[in-house]
Amino acid sequence: MTRLTPADLEAARDRIVPDVVASGLSVLFCGINPGLMTAATGHHFARPGNRFWPVLHLSGFTPRQLAPAEQEELLSYGLGITNVVARATARADELSAREYRDGGRLLTAKVERLRPRWLAVVGVTAYRSAFGEPKARIGPQERMIGGTRVWALPNPSGLNAHWTAATMAEEYGRLRAAASGDDGTGLPG
């Protein structure tokens, strides 16, 4: 990959990165919003310190660790990626409360249209802000969007020091088991 300059990254501010989606996915992962590296490359979770791709593999969602440039391969595994807020910023704290709320409404419409089995919001704070649920915790949520169940996952950003790749993989693995109907609850995934 060509090394991006600070000017390249700044030029990517406010860009929209296309979703990787299809109807009827098993799990639609939803980031907070694209970072500048993602916007500059056009590949979700592209920042080298982001742990999304390693955790996706460690949790058993993919048979090998994919590179961000291989994001379209997710569709063959019944997985997709979107964001709560579409515009790219350097940091999530640049987003307003209104952008989160509006993003939650747009995300709800997208999920109603695409009908994935699970919506997995990667970042419980983003989930809380987008859906007005300030007490939400990591894990499956009571909320459903049509027939889609919702799960809040830890944010894979390298800035999230509360979770290691291994502990994130455990939580993502819980979702994978639920999505495959093998979560030990006896309930359908």
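Only this structure's heavy atoms are used, side chains among them; waters, hydrogens and symmetry mates stay out.
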- So, do Leu95 and Asn33 sit near enough that their side-chain heavy atoms are less than 4.5 Å apart? yes
- Note on the structure: Scanning both residues in full, the closest heavy-atom pair of Cys30 with Asn83 reads SG-C, 3.5 Å
- Pro63 side chain near Tyr77 side chain, heavy-atom distance below 4.5 Å: yes
- Message: Quick test of your reading of the model: are Glu94 and Arg87 salt-bridged, counting only N-O distances below 4.0 Å?
- Response: no
- Message: When you measure from the side chain of Glu99 to the backbone of Ser96, do you find a donor-acceptor pair of N or O atoms at a distance under 3.5 Å?
- Response: yes
- Arg137 atom CZ, neighbour heavy-atom count above 12 within 6.0 Å: no
- Query: If you group Ile, Leu, Val, Met, Phe, Trp and Tyr by side-chain heavy-atom gaps below 4.5 Å, do Val17 and Trp53 land in one group?
  - Reply: no
- Task: Drop me the distance from Asn50's CG to His44's NE2, to the nearest 0.5 angstrom.
- Result: 12.0 Å
- Message: Membership question, hydrophobic clusters at under 4.5 Å side-chain separation (ILVMFWY): are Leu58 and Tyr172 in the same one?
- Response: no
- Message: Filter on ring-ring contact (aromatic ring centres under 6.0 Å, His included), then keep only pairs touching residues 84-104, sequence neighbours left out; what's left?
- Response: none
- The reported gap from CG in Leu79 to OG1 in Thr62 (rounded to nearest 0.5 angstrom) is 8.0 Å
- Task: Evaluate the side-chain proximity of Leu66 to Gln71: yes if any heavy-atom separation is below 4.5 Å, no if none is.
- Result: no
- Value for CG (Asp102) from CG (Leu107), rounded to nearest 0.5 Å, stands at 12.5 Å
- Task: Mark yes or no for whether Arg128, through its side chain, and Ala136, through its backbone, hold a donor-acceptor pair below 3.5 Å.
- Result: yes
- Which pair of heavy atoms, one from Pro156 and one from Val122, lies closest together, and at what distance? CD-CB, 3.9 Å
- Message: Could you check whether any side-chain N or O of Glu73 sits under 3.5 Å from a backbone N or O of Glu70, counting only pairs where one atom can act as donor and the other as acceptor?
- Response: no
- Message: With heavy-atom distances below 4.5 Å as the criterion, would you say the side chains of Met168 and Ser59 are in contact?
- Response: no
- Task: Taking Gln141 for its side chain and Gly139 for its backbone only, find out whether a donor-acceptor pair lies under 3.5 Å.
- Result: yes
- Closest non-hydrogen contact found for Leu28 with Leu25 is CD1-CD1, 4.2 Å
- Query: Can you tell me if CZ on Arg98 sees more than 12 non-hydrogen neighbours from other groups inside 6.0 Å?
  - Reply: no
- Query: Taking a hydrophobic cluster as the set of Ile, Leu, Val, Met, Phe, Trp and Tyr residues connected by side-chain heavy atoms closer than 4.5 Å, whether directly or through intermediates, do Val150 and Val21 fall within one such cluster?
  - Reply: yes
- OG1/Thr164 to NE2/His162 distance, rounded to the nearest 0.5 angstrom? 12.5 Å
- Query: Is the closest basic N to carboxylate O distance between Asp19 and Lys110 below 4.0 Å?
  - Reply: yes
- Is there a path of hydrophobic side-chain contacts, each under 4.5 Å between heavy atoms of I, L, V, M, F, W or Y residues, that connects Val124 with Met144? no
- Query: So which heavy atom on Arg91 is nearest to which on Thr89, and how close?
  - Reply: O-OG1, 2.9 Å
- If we ignore angles and hydrogens, is there a donor and acceptor under 3.5 Å between the side chains of Asn155 and Thr125? no
- Message: So, applying side-chain contact (heavy atoms from CB on, under 4.5 Å) with Tyr127, which one of Val121, Leu153, Ile32 is it?
- Response: Val121
- Query: What's the verdict on side-chain contact (heavy atoms from CB on, under 4.5 Å) for Asp8 and Leu36, showing C-alpha distance, side-chain angles and the deciding distance?
  - Reply: CA-CA 9 Å; Asp8 294 329; Leu36 298 182; over 6 Å; no
- Query: Just by modelled atom types, is the Phe45 backbone N or O under 3.5 Å from a matching donor or acceptor in the Thr38 side chain?
  - Reply: yes
- Message: Rounded at 0.5 Å granularity, tell me how far CH2 in Trp163 sits from CZ in Arg51.
- Response: 10.5 Å
- Is Glu170 paired with Arg176 through a side-chain N to carboxylate O contact shorter than 4.0 Å? no
- Task: Return the minimal non-hydrogen interatomic distance between Ala46 and Pro68, and the atom names on each side.
- Result: CA-CG, 3.9 Å
- Flag yes if more than 12 heavy atoms outside Arg47 fall under 6.0 Å of its CZ atom; otherwise flag no. no
- Item | Distance, nearest 0.5 Å, that separates CZ of Arg174 from CD1 of Ile138 | 10.0 Å
- Item | Side-chain touch Ile145/Phe131, heavy atoms, less than 4.5 angstrom | yes
- Query: At their closest point, which heavy atom of Ala178 faces which heavy atom of Arg117, and how far apart are they?
  - Reply: O-NH2, 4.5 Å
- Can you name the residues that form a ring-ring contact (aromatic ring centres under 6.0 Å, His included) with Phe29, not counting sequence neighbours? Phe52, Phe61
